[in-house]
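Below is one structure, written out as structure tokens; comments come after it.
We name chains A, B, ... by the order of the sequence lines, and we start the count at 1 in each one. Values below: every heavy atom of this structure, side chains too, minus hydrogens, waters and symmetry copies. The shown structure was predicted, so the numbers you read here are calculated from the model rather than taken from an experiment.
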There are 2 protein chains.
Amino acid sequence: MTQDLMTIREMCDAFDVTPRTLRFYEAKELIFPVREGTRRLFTRTDRARLKLILRGKRFGFSLEQIRQLLDLYDRNNRNIPQVTKAIELGRERLDDMERQRDELEIAIKGLREQLSWGEEHLQTLINETAKAAE
Amino acid sequence: MTQDLMTIREMCDAFDVTPRTLRFYEAKELIFPVREGTRRLFTRTDRARLKLILRGKRFGFSLEQIRQLLDLYDRNNRNIPQVTKAIELGRERLDDMERQRDELEIAIKGLREQLSWGEEHLQTLINETAKAAE
DNA sequence: CGTTATGCTTACGTTCACGTCAAGCAATCT
DNA sequence: AGATTGCTTGACGTGAACGTAAGCATAACG
């Protein structure tokens with residue numbers, strides 16, 4: 001059962017990260033596990049944030065960029081300038097991501113072409129070798 | 001005029017990188033400028049490779065991953081096992097990139113939703129403030 | 001009740017991708 | 001000739017994102 005609170009080990013197993021990583025993210029204020037005595041217990045909020053963190057990392061964003069993005073996902077924020085800024089940053093990130101997607105599309109096409117050229121080239125080499133062996 | 005050979009400074013201006021970066025990439029065997037005495041001169045091949053390097057970096061690939069990919073773009077390679085391996089690696093990268101594109105698409109959607117929620121939320125906060133000021 | 005596992009803090013180490021001097025050579029301007 | 005400019009090779013420094021090891025507390029197991 002997916003309990004509401006998870007230990008650090010459960011988190012590590014669930015998300016395939018190390019304890020060090022989770023403590024590091026807490027130090028950087030990306031997640032906020034509660035304490036039971038000295039131990040950390042991670043909430044569903046932490047899990048949602050961690051999911052977004054790992055996703056962001058795969059797009060090459062820095063932890064600091066991700067942290068700012070996460071603020072946008074905090075629906076308890078009633079500070080107008082802060083929310084305004086979060087939205088602004090969110091728009092920038094969105095632009096980044098759309099640009100990246102477009103570039104990625106181009107790069108995929110290029111790589112596909114290069115691959116089919118490479119396969120053809122390889123076949124040519126193999127044929128040459130076979131002919132030379134007769 | 002775009003000469004065939006460019007100095008390090010011309011390269012830096014053209015690609016918005018530092019000399020250190022170009023020397024570093026040469027040391028890592030990502031580019032192979034020729035020498036005029038002691039000075040580096042960059043060919044169109046170096047420029048093509050640099051373009052691919054900078055693109056790869058934007059997708060979060062490491063320089064080592066990029067180096068392997070660049071080998072695939074070397075059409076002078078007549079070594080069958082090497083070409084075979086390059087194609088293999090290229091296929092893996094292609095898969096990575098397609099996965100990343102799909103994930104990116106999802107993330108963009110999520111961020112868009114979060115942004116429109118945020119904008120709505122912000123408007124609510126502003127309205128509340130206006131009402132409280134009466 | 002001792003051992004094994006899990007967790008904590010503190011702190012130094014590591015990898016990647018460069019940045020930042022220092023010191024020296026070579027061509028060019030004055 | 002002397003100074004400036006551009007490029008070179010070391011070599012040490014840096015920030016991000018953790019890894020790793022030491023030393024201690026607590027908790028679960030047999």
Using a heavy-atom cut-off of under 4.0 Å over every strand shown, decide if A:Phe61 touches base, sugar-phosphate, or nothing.
nothing
Heavy atoms only, 4.0 Å cut-off, all strands: where does A:Lys28 land among base, sugar-phosphate and nothing?
nothing
Using a 3.5 Å limit on both pairing distances, list the dot-bracket string of DNA chain C from the 5' end; Watson-Crick and G-U wobble pairs count, crossing pairs take [ ], interstrand pairs take |.
||||||||||||||||||||||||||||||
Is the closest basic N to carboxylate O distance between [X] and [Y] below 4.0 Å?
X	Y	value
A:Asp95	A:Arg91	no
A:Lys28	A:Glu64	no
A:Lys85	A:Glu88	no
B:Glu98	B:Arg93	no
B:Glu26	B:Arg35	yes

[atom1] of [X] versus [atom2] of [N]: gap in Å, rounded?
X	N	atom1	atom2	result
A:Met11	C:dC8	CE	P	12 Å
B:Leu30	C:dA17	CG	P	9 Å
B:Leu22	D:dC7	CG	P	11 Å
A:Ile8	C:dC8	CD1	C1'	9 Å
A:Arg67	D:dA17	CZ	P	12 Å
A:Arg23	C:dC8	CZ	C1'	7 Å
A:Phe42	C:dC8	CZ	C1'	12 Å
B:Leu41	C:dA27	CG	P	14 Å

Counting only heavy atoms not in B:Asp16 (residues, nucleotides, ligands), do more than 12 fall under 6.0 Å from its CG?
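Count not over threshold, so no.
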Do any side-chain nitrogens or oxygens of [X] fall under 4.0 Å of OP1 or OP2 in [N]?
X	N	result
A:Thr18	D:dG19	yes
B:Arg40	D:dT9	yes
A:Arg9	D:dA27	no
B:Tyr25	C:dC18	yes
A:Arg39	C:dC8	no

Flag, side chain of B:Asp102 to backbone of B:Arg99, donor-acceptor distance under 3.5 Å:
no
Quick check against the 3.5 Å criterion: does B:His121 have a side-chain atom that pairs as donor or acceptor with the backbone of A:Asn77?
yes
As a test of reading the structure: which of D:dA17, D:dT9, D:dA11 is closest to the side chain of B:Arg20, going by heavy atoms?
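So the side chain of B:Arg20 is nearest to D:dA11.
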Side chain of A:Thr7 only, please: which of C:dG7, C:dC8, D:dT8 is the nearest?
C:dG7
Start at the 5' end of DNA chain D and walk down; is the nucleotide closest to A:Lys57 or to B:Thr38 reached first?
B:Thr38
